Amino acid sequence: MAGLELLSDQGYRVDGRRAGELRKIQARMGVFAQADGSAYIEQGNTKALAVVYGPHEIRGSRARALPDRALVNCQYSSATFSTGERKRRPHGDRKSCEMGLQLRQTFEAAILTQLHPRSQIDIYVQADGGTYAACVNAATLAVLDAGIPMRDFVCACSAGFVDGTALADLSHVEEAAGGPQLALALLPASGQIALLEMDARLHEDHLERVLEAAAQAARDVHTLLDRVVRQHVREASILLGD
Amino acid sequence: MAMEMRLPVARKPLSERLGRDTKKHLVVPGDTITTDTGFMRGHGTYMGEEKLIASVAGSVERVNKLICVKALKTRYIGEVGDIVVGRITEVQQKRWKVETNSRLDSVLLLSSMNLPGGELRRRSAEDELAMRGFLQEGDLISVQAVFSDGAVSLHTRSLKYGKLGQGVLVQVSPSLVKRQKTHFHDLPCGASVILGNNGFIWIYPTPEHKEEEAGGFIANLEPVSLADREVISRLRNCIISLVTQRMMLYDTSILYCYEASLPHQIKDILKPEIMEEIVMETRQRLLEQEG
């Protein structure tokens, strides 16, 4: 839209944030009693709910069992009321499959699957607005809640590039404006990247800056999630008694 | 018909009301536990670049040179001698597959099973073919666990174990069931309870006389009286409220909770405020009893 500038002269974005600031994040673990692990996260207006079952016996075809590792199965679905226009999304459409595959790649890198051979771990994520970052953050909390051993947290954030400045944590307006967008999933303690995805054109000179902005934002997300998890563990531990 | 509506209300963290803090060392995945290489690593940890790093969120336990992290909530991990309650999922060639809330389905071999009549004889080919007659998919059994190769191996050698008849199953997290000498309890309020170590709890009416010969195969299908059914429902709601407030489950705690809930109606026990009140009272009684 002409006249809507994503980055003003004073360095403020459309919703009043600075270039490197994150949206407000609220998270809660253990929202479902029936599942092994569950978590709910709100990142600005984007809400994601993740549920984890496992490790458990492989249902369906026995042939898919891996003798030395666990099978991680991820499914993504998005609510019909999530975008501006109410749209019914059938299960198994291209976007859900692609997101499910990306989540699977991310979590296979983080979960220590050698500890549970011949079993299956299911991760179901439902998101509003379909942002990969919120899904990964919710799924991390849910996997932690289920007690499945992981190498480290997986924190994700998106980043874009406007007017020579790298912006971290894009909102819907900024995504819709059509600039380059990068999604990054990071293991904060070691700094290793679990998944890096971008599907737009960006000059390679700018890549370094955008990547650094996304990494810094992911580390900030980690600080917040870390606090939520510690609070949850402390509370549960107090209730169980010493 | 009367209807009741509730509006959502922000929950206060429960630990505030208890007013105490934990002295345990709590970690989350990615935290370094120690850089001292003299320690052996146990469950919940892994070695990365000369440091011992946690892989689950929980409390650190140290036994001499062994460090492990106990996760808050895990699937059932079998130990030799545990009592579990499970449901048959599959009938295979010489064994049954039992679902016990663990990482893999548990295995119950035909040779480890009591045959009807309690006889000790060699299992013949007819027994194999008649397996489905003994236990079918969907049946509930109580067994003793023997741990091996990743999947838990079960056996029902004594006549106490076997197929379960009428009653109510409650599924809770295995970490909330306290380890005790016996897991079969006959509560004075009129029902009996089996606390499986895997988190499956079976509540059933106390049989008037113990049947020795049956070996646990005759499913008693007589109608259960209303009084018994009320006691069982109340027990089930009490167990669910204890679990929501994360209290350990054992016969004394369940009994105290039952007594604390008597003034309320059975269906009211599941309401959050009444649940808190009952569990608070239970907690106090248990503290008084210990101290």
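If you're wondering where the values come from, they're calculated on a predicted model, not measured in any experiment. Residue numbers start from 1 in every chain, and the chains themselves are labelled A, B, ... in the order their sequence lines are given, proteins ahead of strands.
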- Might you work through the salt bridge (Lys or Arg N to Asp or Glu O under 4.0 Å) test for B/D82 and B/R179, ending with a clear yes or no? CA-CA 9 Å; B/D82 278 355; B/R179 259 176 214 283; 2.6 Å; yes
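- In this model, a donor atom of one side chain and an acceptor atom of the other lie less than 3.5 Å apart for B/T100 and B/S106.
- Note on A/D226, A/L144, A/V229, A/D36: by heavy-atom pairs under 4.5 Å with chain B, the leading option is A/D36.
- At least one cation-pi condition fails for A/R28 and A/Y40: the charged atom is not both under 6.0 angstrom from the six-membered ring centre and inside a 45 degree cone around its axis.
- The shortest distance between side-chain heavy atoms of B/Q92 and B/K97 falls below 4.5 Å.
- Neither the backbone nor the side chain of A/L187 comes within contact range of chain B; no heavy atoms are under 4.5 Å apart.
- A side-chain donor from one of A/Q102 and A/E197 sits under 3.5 Å from a side-chain acceptor of the other.
- For chain A, the option among B/V69, B/T45, B/D31 with the highest count of heavy-atom pairs below 4.5 Å is B/D31.
- Every residue two or more places apart in sequence or in another chain that forms a side chain to side chain contact (heavy atoms under 4.5 Å, CB included) with B/I53 is listed here: B/Y46, B/K51.
- Of the listed residues (A/D145, A/I148, A/L112), the greatest number of heavy-atom pairs within a distance under 4.5 Å of chain B belongs to A/D145.
- Both the backbone and the side chain of B/T74 come within less than 4.5 Å of a heavy atom of chain A.
- Each of A/G147, A/A189, A/P149 has some count of heavy-atom pairs under 4.5 Å with chain B, and the biggest count is that of A/P149.
- Neither the backbone nor the side chain of B/T32 comes within less than 4.5 Å of any heavy atom of chain A.
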